[in-house]
Amino acid sequence: MNPANNPTAQAVDNVLIYIFGFSAILLLGITVVTIYFVIKYRRSKHPEPTSQVHSNFLLETLWTLLPTLIVLTMFWYGWVNYVGLREIPPNALEIKATARMWSWQFEYPDGRRESKLYVPVNKPIKVDLYSVDVLHNFFIPAFRIKRDTVPGMENYVWFQATEPGSYDIFCAEYCGVGHADMITTVEALTEEDYAEWSKPLEPTGDPRGLVVLNEQGCIGCHSIDGSDGIAPSLFELAGQPRTLDKDGQTIEITIDEEYLIRAIREPEVEIVKGYDSMMPAYDETTISNEDVQAVVDYLLGKAIAATPGLDANQLLEENGCLGCHSSDGSESIAPTFKGIGNREVTIERDGEEITIKVDADYLRRALLNPNDELVKGFAPMMPAADYLSEEEVDAIIDHLLQQ
Ligand code: CUA
């Protein structure tokens, strides 16, 4: 056991020791007295009882009251410490943890994303827990914290590392074949190391339009990858036909700049057929004209993908791909990335086995619909990487083809 001098571990350990200590003392006491009575009052020595005892008010009161009091102190002590685990200390650093099959991702207040949880020592850390697919469980034994991540629900834990070091994070809720690989670490750094680590704040490289879409929370309702949501997807809009409801009449339009600006500024006027009118209007106080133009340019594909900083290797690392796919050719639960660009694979498609050469199209399908074409010998267990942006998918494909 590592020195558990951090506050959450202490809270849990103190209660454990208290309850376990009382239980051990009582078990020992009762056992000793039982054995003593069995021997002292054995039948061969006392064939007949010498007296009949009917009741003893003092004794009965004591053995009712004492255990009740002991159990109540256990409850009180446990409760006080549990409340301490749920109350976030002021000045906590808030980090968002997202669980998906089968990796963890940590997002910092400045938007930085990591697959390991880097924290400074001696600072309370609040971890907001989310799941994008199924139940997982965020478990750090060294800090004695363990909490479910539930799709559609927010959850949280807090902890504070008191010593620099690396502490295991496990998933503690069976979530499918990759469950046992859902492992990462807390990297607790000294204050100086942490300051150094968090310094290089590179610009994200995202086009302004996408930044605005994210900042305004548009992505919460409108997908940008073509998937269905409570609002129309923003994927590949340019030149697409749209059927709209306007003043009770159905009209057909082609998506263009003017339409998109109206849809942002006055969304209640023209409603896309099949959807409810629920989007709030975004006026100039919320989004400036320049930002609206940036969004529209982005949606119409005019924005130059200003993403030279996209590091495919880092994407693979951040998104947990390397947990299943090795990059050094070693055997794993998924095909290795080594040499994948020059490889022929035998895949099963619609029940038939075919051998194909790996190319960009195949890799795109393998990323976005991984279980439609299974590489022979591997099980269908990869989740679709539809959480990646178009640019990220392209960067990964380019990278893999050079492997
Ligand atoms: Cu995630 Cu088990």
Side-chain angles (χ1 to χ4, degrees), residues 1-2 8-9 12 85-86 94-108 112-119 125-159 161 165-188 220 225 227 314-327 330-337 366-372 374-375 377-389 392-393 396:
M1 215 195 301
N2 35 19
T8 50
V12 173
L85 292 179
R86 302 311 293 156
E94 207 165 331
I95 300 172
K96 179 179 168 184
T98 305
R100 61 164 50 97
M101 293 189 272
W102 289 279
S103 61
W104 297 99
Q105 187 183 67
F106 303 100
E107 190 175 333
Y108 290 78
R112 185 165 180 164
R113 295 183 294 170
E114 297 289 342
S115 59
K116 286 183 179 183
L117 181 49
Y118 293 90
V119 299
I125 309 295
K126 181 187 182 207
V127 188
D128 294 314
L129 302 171
Y130 297 87
S131 167
V132 296
D133 38 44
V134 299
L135 286 179
H136 302 274
N137 186 299
F138 185 77
F139 180 32
I140 314 180
F143 301 117
R144 314 284 190 270
I145 52 171
K146 186 161 174 278
R147 202 89 191 163
D148 272 356
T149 71
V150 184
M153 192 181 124
E154 281 180 43
N155 216 335
Y156 68 91
V157 287
W158 78 271
F159 68 90
S166 188
Y167 306 90
D168 289 325
I169 299 177
F170 298 112
C171 176
E173 183 73 51
Y174 184 63
C175 54
V177 276
H179 164 71
D181 293 315
M182 216 168 144
I183 299 172
T184 182
T185 51
V186 173
E187 299 295 335
D225 59 4
S227 61
Q314 192 186 337
L315 284 171
L316 294 175
E317 166 72 36
E318 268 177 18
N319 289 294
C321 313
L322 300 179
C324 298
H325 298 274
S326 79
S327 53
S330 61
E331 280 282 318
S332 188
I333 53 174
T336 179
F337 284 149
L367 267 166
L368 300 177
N369 300 301
N371 298 320
D372 289 356
L374 284 179
V375 178
F378 291 97
M381 50 201 240
M382 172 169 157
D386 51 14
Y387 43 84
L388 297 171
S389 71
E392 287 173 333
V393 169
I396 287 176

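Counting convention: from 1, in listed order, for ligands and their atoms alike. The model shown is predicted, which means the values in this text are computed figures rather than measured ones.
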From Ile169, Val127, Val157, residue fulfilling side-chain contact (heavy atoms from CB on, under 4.5 Å) relative to Ile140: Ile169
Nearby protein N/O/S atoms (those under 2.8 Å) for atom 2 (Cu) of ligand 1, with water ignored: Cys171 SG, Glu173 O, Cys175 SG, His179 ND1
Arg112 to Phe106 six-membered ring, cation-pi geometry met (6.0 Å, 45°): no
Phe143 and Ile125, any side-chain heavy atoms less than 4.5 Å apart: no
Spacing of Trp102 atom CH2 and Cys321 atom SG [to the nearest 0.5 Å]: 12.5 Å
Thr149 side chain near Trp104 side chain, heavy-atom distance below 4.5 Å: yes
Where Leu117 and Tyr108 come nearest, the two heavy atoms and their spacing: C-OH, 3.7 Å
